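Worksheet: the structure to be examined is printed underneath.
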2 protein chains.
Amino acid sequence: METAAARTEAAGSDLPFDVFARACPSRETLEHVTGRWGSLTVGALREGPCRFNELRRRVEGVSEKMLSQTLHALERDGIVHREAQPTNPPRVDYELTPLGIEVADRLLALIHCVEGSMAQVLTARGAYDATRAGR
Amino acid sequence: METAAARTEAAGSDLPFDVFARACPSRETLEHVTGRWGSLTVGALREGPCRFNELRRRVEGVSEKMLSQTLHALERDGIVHREAQPTNPPRVDYELTPLGIEVADRLLALIHCVEGSMAQVLTARGAYDATRAGR
DNA sequence: CAGCATCCAGCACGATACTG
DNA sequence: CAGTATCGTGCTGGATGCTG
């Protein structure tokens, strides 16, 4: 009972996918979803469908390039749906798929947990830094 | 109602911390927790306290350096507690703090959600790639 | 065992410019 | 508006070697 697979099974889950295993494709998807911009993009889309530039405004600080890249990865994974109207000027709406909503809800639970704990975190940081002040 | 802060408030949350805002410290903590190795480290520690090298084995593929770095960040944020015994050879145990457990549970919910959706994800990827086969 | 220090390759990312 | 293309760089992160 040393391997990741063995532990996963011991934990009651016999799914074929295990993020703790080196080469599992679920790691990629998890990274797309939890990545620096992925998590914020998915979180922002939970508020409802959104166009490209509006999304850029929701996710403060994201560059055009990174948002585009992030959206492509999420679309490929079936988390985000892209709806393009062939009008002029072009209009493209992004929205979460049903799967995306599932993921977004867990993600937002985590985000809110972190946001709500920031006072504690900041205190912990102060204490940690204080013990190392002299070095 | 354009800014991240305004939206957050409109969404019913009037917390002072908003990850969608450019310079919010919660972004850092979220990244520590959701980062490539952070998420796996926190997830692995949810199984119980663990020594350095055992942790390295649980989180397949992590290098010494990255694990060390990750643990420091998590310790500083008050997610992980480090307990060192001054014995020889040295023995150090890492474990989640109460806050860490809160976070880990949300994180694992997300991880299991992703793991359980991988069949769907892989199908979506196939479909996506198929439509772009010719370019 | 539990780690820090150093080196360095690669790519993640931002800035800028251009297209339909 | 909604992107793609290209370029430059600073940081990420792996490999290696050393310490207590």
Side-chain angles (χ1 to χ4, degrees), chain A residues 2 19 22-23 27-41 44-45 49-76 80-95 128 131-132 134-135, chain B residues 2 19 22-23 27-41 44-45 49-76 80-95 128 131-132 134-135:
Chain A
E2 280 293 296
V19 279
R22 233 174 220 285
R27 253 192 206 188
E28 285 172 48
T29 301
L30 185 66
E31 274 164 38
H32 293 158
V33 164
T34 61
R36 186 172 179 192
W37 301 120
S39 58
L40 298 178
T41 302
L45 278 174
C50 192
R51 299 173 60 177
F52 188 83
N53 279 304
E54 195 194 336
L55 208 43
R56 262 191 86 185
R57 262 168 268 127
R58 286 195 193 173
V59 181
E60 291 183 23
V62 68
S63 71
E64 217 171 70
K65 179 185 172 183
M66 291 318 298
L67 181 57
S68 176
Q69 210 170 97
T70 300
L71 284 168
H72 279 313
L74 292 173
E75 190 194 353
R76 193 169 102 98
V80 160
H81 175 69
R82 181 176 184 277
E83 183 106 21
Q85 265 118 6
T87 60
N88 193 313
R91 179 191 175 97
V92 182
D93 282 275
Y94 292 93
E95 65 182 332
Y128 182 92
T131 66
R132 327 217 136 188
R135 57 185 64 187
Chain B
E2 280 294 295
V19 279
R22 232 176 223 283
R27 255 194 204 187
E28 286 172 49
T29 300
L30 185 67
E31 274 164 37
H32 293 158
V33 164
T34 62
R36 187 172 178 194
W37 301 119
S39 58
L40 298 179
T41 302
L45 277 175
C50 192
R51 298 174 60 178
F52 189 82
N53 279 304
E54 194 193 337
L55 209 43
R56 263 191 85 186
R57 261 169 268 128
R58 285 196 194 173
V59 181
E60 291 183 23
V62 68
S63 71
E64 207 173 79
K65 180 185 172 183
M66 292 319 297
L67 182 56
S68 176
Q69 210 170 96
T70 300
L71 284 168
H72 278 312
L74 292 173
E75 189 194 354
R76 192 169 104 97
V80 161
H81 174 69
R82 181 175 183 276
E83 182 106 20
Q85 266 118 6
T87 60
N88 193 314
R91 179 191 174 98
V92 182
D93 283 274
Y94 291 92
E95 65 182 333
Y128 182 91
T131 65
R132 326 218 136 188
R135 54 184 63 189

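Note that the coordinates shown come from a computational prediction; the quantities given were computed from them, not determined experimentally. Below, all heavy atoms of this structure are taken into account, side chains as well, without hydrogens, waters or symmetry copies.
Under 4.0 angstrom from either OP1 or OP2 of C/dA12 there lies no side-chain N or O belonging to A/Arg36. A close approach under 4.0 Å does not occur between any side-chain nitrogen or oxygen of B/His72 and OP1 or OP2 of C/dG3. Taking only side-chain nitrogens and oxygens, B/Arg91 never comes nearer than 4.0 Å to OP1 or OP2 of C/dA2. When the side-chain nitrogen and oxygen atoms of A/Tyr94 are compared with OP1 and OP2 of D/dG3, one or more of them lie within a distance under 4.0 Å. Within the 4.0 Å cut-off from OP1 or OP2 of D/dT4, at least one side-chain nitrogen or oxygen of A/Ser68 is found. In terms of phosphate contacts, A/Arg82 brings a side-chain nitrogen or oxygen within less than 4.0 Å of OP1 or OP2 of D/dG3.
For B/Val92, the listed nucleotide lying nearest its side chain is C/dG3; candidates were D/dG3, C/dG3, C/dG14. The B/Lys65 side chain lies nearest to D/dA15 when the options are D/dA2, C/dG14, D/dA15.
Counting heavy atoms from C-beta on, the side chains of A/Val80 and A/Leu45 come closer than 4.5 Å. In this structure, A/His72 and B/Tyr128 have side chains that are in contact, with non-hydrogen atoms separated by less than 4.5 Å.
No salt bridge links B/Glu31 with B/Arg27; every basic N to acidic carboxylate O contact stays at or beyond 4.0 Å.
One interatomic measurement links the two molecules: CG of A/Leu67 to C1' of D/dT4, which rounds to 14 Å at whole-angstrom precision. The interatomic distance linking B/Leu71 (CG) with C/dA2 (P) rounds to 11 Å, in whole Å. One can place CD of A/Gln69 at 8 Å from C1' of C/dA12, the figure rounded to the nearest angstrom. Going from atom CD of B/Glu75 over to atom P of C/dA2 covers 15 Å, rounded to whole Å. Note: CG (A/Leu55) to C1' (D/dG3) measures 13 Å, nearest angstrom. Note: CD (B/Glu31) to P (D/dC11) measures 14 Å, nearest angstrom. Rounding to whole angstrom units, CZ of residue A/Arg56 and P of D/dG3 are separated by 12 Å. Separating the CD atom of B/Gln85 from the C1' atom of D/dG20 is a distance of 17 Å, rounded to the nearest angstrom.
Taking 3.5 Å as the limit, the base of C/dC4 and the side chain of B/Glu64 contain a donor-acceptor pair of atoms between them.
Panel note: side chain B/Glu60, backbone A/Arg22; a donor-acceptor pair is recorded below 3.5 Å. Panel note: side chain A/Ser68, backbone A/Glu64; no donor-acceptor pair is recorded below 3.5 Å.
Both A/Pro90 and A/Ser63 lie close to DNA chain C; mapped to their nearest nucleotides by heavy-atom distance, the more 5′-ward contact belongs to A/Ser63.
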